[in-house]
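We number each residue from 1, following the sequence as shown. Computation of the quantities below employed the complete heavy-atom set of this structure, encompassing side-chain atoms and omitting hydrogens, waters and symmetry-equivalent molecules.
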Amino acid sequence: HDGRWTRLTTKDGLSHNTIRAIIEDRTGAIWIGTNGGGVCRFVDGKLTVFNMQRGLSSNFVSSILEDNESNIWVGTSGEGVNRISASGIRVYTTKDGLSSDVVSALHQDQDAAIWIGTFDRGLNRLVGNKITQYAVKDGLIDDAVFQIIEDRERNLWLTTTRGIARIPRQQIDDFDA
């Protein structure tokens with residue numbers, strides 16, 4: 001790079017100009033989630049598109065996560081969550097036990113569980129192929145979850161339309177017991 005800003009648009013091969021999510025994976029690739037064009041992987045100046053034609057459940061991407069096994073998780077705005085791995089794309093939806101297919105947040109915790117926040121039906125924890133749902137009826141402050149982080153004590157913090165929620169790890173463990 002010559003020190004100038006870089007701009008990527010559909011003119012450069014980007015699948016859509018409206019971007020909703022972005023991450024850098026451990027290899028240095030940039031994953032770009034678009035609002036209508038799927039997800040693009042940018043490496044060494046080259047874009048690779050993953051969209052519905054390539055097995056993604058939706059072209060409307062809301063969130064992206066790289067897990068500790070280098071799988072890329074793609075949350076969508078209405079068609080669940082996709083796991084892109086070396087063996088292909090695996091889709092998780094309400095048919096698999098998700099509370100909603102409108103995914104707004106993804107996080108992997110220290111125990112390697114995948115947390116899936118939804119826009120309208122709370123929080124989900126995926127361990128293996130088992131999905132556990134958490135909603136307002138279970139004590140969550142809101143069913144709209146926009147971001148998920150974990151602190152040093154392993155508590156989860158959620159951003160919602162009703163403020164920030166901190167869920168102590170013991171409560172999560174007790175709920176699952």
Checklist line | Non-hydrogen side-chain atoms of Asp101 and Thr76 separated by less than 4.5 Å | finding: no

Checklist line | Gap separating the CD atom of Gln170 from the CG atom of Asn155, nearest 0.5 angstrom | finding: 10.5 Å

Checklist line | Pairing residues for Asp25 by the side-chain hydrogen bond (donor to acceptor under 3.5 Å, both in side chains) criterion, not counting sequence neighbours | finding: Thr27, Trp31

Margin query: Using a 3.5 Å distance criterion without hydrogens, assess whether the side chain of Asn82 forms a donor-acceptor pair with backbone atoms of Ser57.
Written below: yes

Item checked: side-chain contact (heavy atoms from CB on, under 4.5 Å) assessment of Asp96 paired with Asn129 -> CA-CA 8 Å; Asp96 301 293; Asn129 283 319; over 6 Å; no

Next item on the list: Just do the side-chain contact (heavy atoms from CB on, under 4.5 Å) check on Ile84 and Leu56 with the steps written out, would you?
Entry: CA-CA 9 Å; Ile84 302 172; Leu56 212 60; 4.3 Å; yes

Checklist line | Asp143 side chain to Ala135 backbone, donor-acceptor under 3.5 Å | finding: no

Next item on the list: Would you indicate whether the side-chain heavy atoms of Ile148 and Leu158 approach each other to under 4.5 Å?
Entry: yes

Notebook entry, point to check: Does Val103 offer a backbone N or O that forms a donor-acceptor pair with the side chain of Ser62 under 3.5 Å?
Noted result: yes

Margin query: Please identify which of these residues, Asn59, Val49, Val39, meets the side-chain contact (heavy atoms from CB on, under 4.5 Å) condition with Ser15.
Written below: Val49

Check: Shared ILVMFWY cluster between Ile114 and Tyr92, side chains joined below 4.5 angstrom?
Finding: yes

Check: Counting distance only, does the side-chain N/O of Asp109 pair as donor-acceptor with the main-chain N or O of Asp111 below 3.5 Å?
Finding: yes

Notebook entry, point to check: If Ile, Leu, Val, Met, Phe, Trp and Tyr residues are connected whenever their side-chain heavy atoms lie under 4.5 Å apart, and connections chain through other members, are Phe60 and Val145 in the same group?
Noted result: no

Check: Got a donor-acceptor contact below 3.5 angstrom from the Thr94 side chain to the Gly97 backbone?
Finding: no

Next item on the list: Indicate yes or no for a side-chain donor-acceptor contact from Asn124 to the backbone of Gln133 under 3.5 Å, with no hydrogens or angles considered.
Entry: no

Check: About how many Å separate CZ of Phe146 and CD1 of Ile164, when rounded to the nearest 0.5 Å?
Finding: 12.5 Å

Item checked: Heavy-atom check, side chain of Gln108 versus side chain of Asn68, under 4.5 Å -> yes

Item checked: Residue pair Ser70 / Arg26, side-chain donor-acceptor N/O under 3.5 Å -> yes

Check: OG of Ser85 to CG of Asp67: how many Å apart, nearest 0.5 Å?
Finding: 9.0 Å

Checklist line | Leu126 vs Val81 side-chain heavy atoms within contact, under 4.5 Å | finding: no

Next item on the list: For the pair Glu66 (side chain) and Ile23 (backbone), establish whether a donor and an acceptor sit closer than 3.5 Å, ignoring hydrogens and angles.
Entry: no

Notebook entry, point to check: Pairs in or reaching into residues 53-64: which pass salt bridge (Lys or Arg N to Asp or Glu O under 4.0 Å), with residues at least two apart or in two chains?
Noted result: none

Check: Is any side-chain heavy atom of Val61 less than 4.5 Å from a side-chain heavy atom of His16?
Finding: no

Item checked: Joint hydrophobic cluster, Trp73 plus Ile89, side-chain heavy atoms closer than 4.5 Å -> no

Margin query: Would you say CZ of Phe42 has more than 12 non-hydrogen atoms from neighbouring residues, nucleotides or ligands within 6.0 angstrom?
Written below: yes

Item checked: Between CG on residue Asn17 and OG1 on residue Thr10, distance to nearest 0.5 Å -> 4.0 Å

Next item on the list: Quick one: closest heavy-atom pair of Thr34 and Cys40, and the distance?
Entry: CG2-SG, 4.5 Å

Note to self: Do Leu47 and Ile22 land in one hydrophobic cluster if side-chain heavy atoms of ILVMFWY residues count as linked below 4.5 Å?
What the structure shows: yes

Item checked: Within residues 36-51 or reaching into it, pairs that qualify as side chain to side chain donor-acceptor pair (under 3.5 Å) - sequence neighbours excluded -> Asn51-Gln53

Margin query: Quick check for you: to the nearest 0.5 Å, what is the distance between Leu140 atom CG and Leu123 atom CG?
Written below: 6.0 Å

Checklist line | Same apolar cluster: Val91 and Ile72, side chain cutoff 4.5 Å | finding: yes

Next item on the list: Please check if the side chain of Asp142 supplies one atom and the backbone of Gly163 the other of a donor-acceptor pair under 3.5 Å.
Entry: no

Note to self: Under a 3.5 Å threshold, yes or no: a donor from one side chain and an acceptor from the other, between Ser77 and Arg20?
What the structure shows: yes

Checklist line | Arg7 atom CZ: more than 12 heavy-atom contacts under 6.0 Å | finding: no

Notebook entry, point to check: CZ of Arg169 to CD of Gln110: how many Å apart, nearest 0.5 Å?
Noted result: 8.0 Å

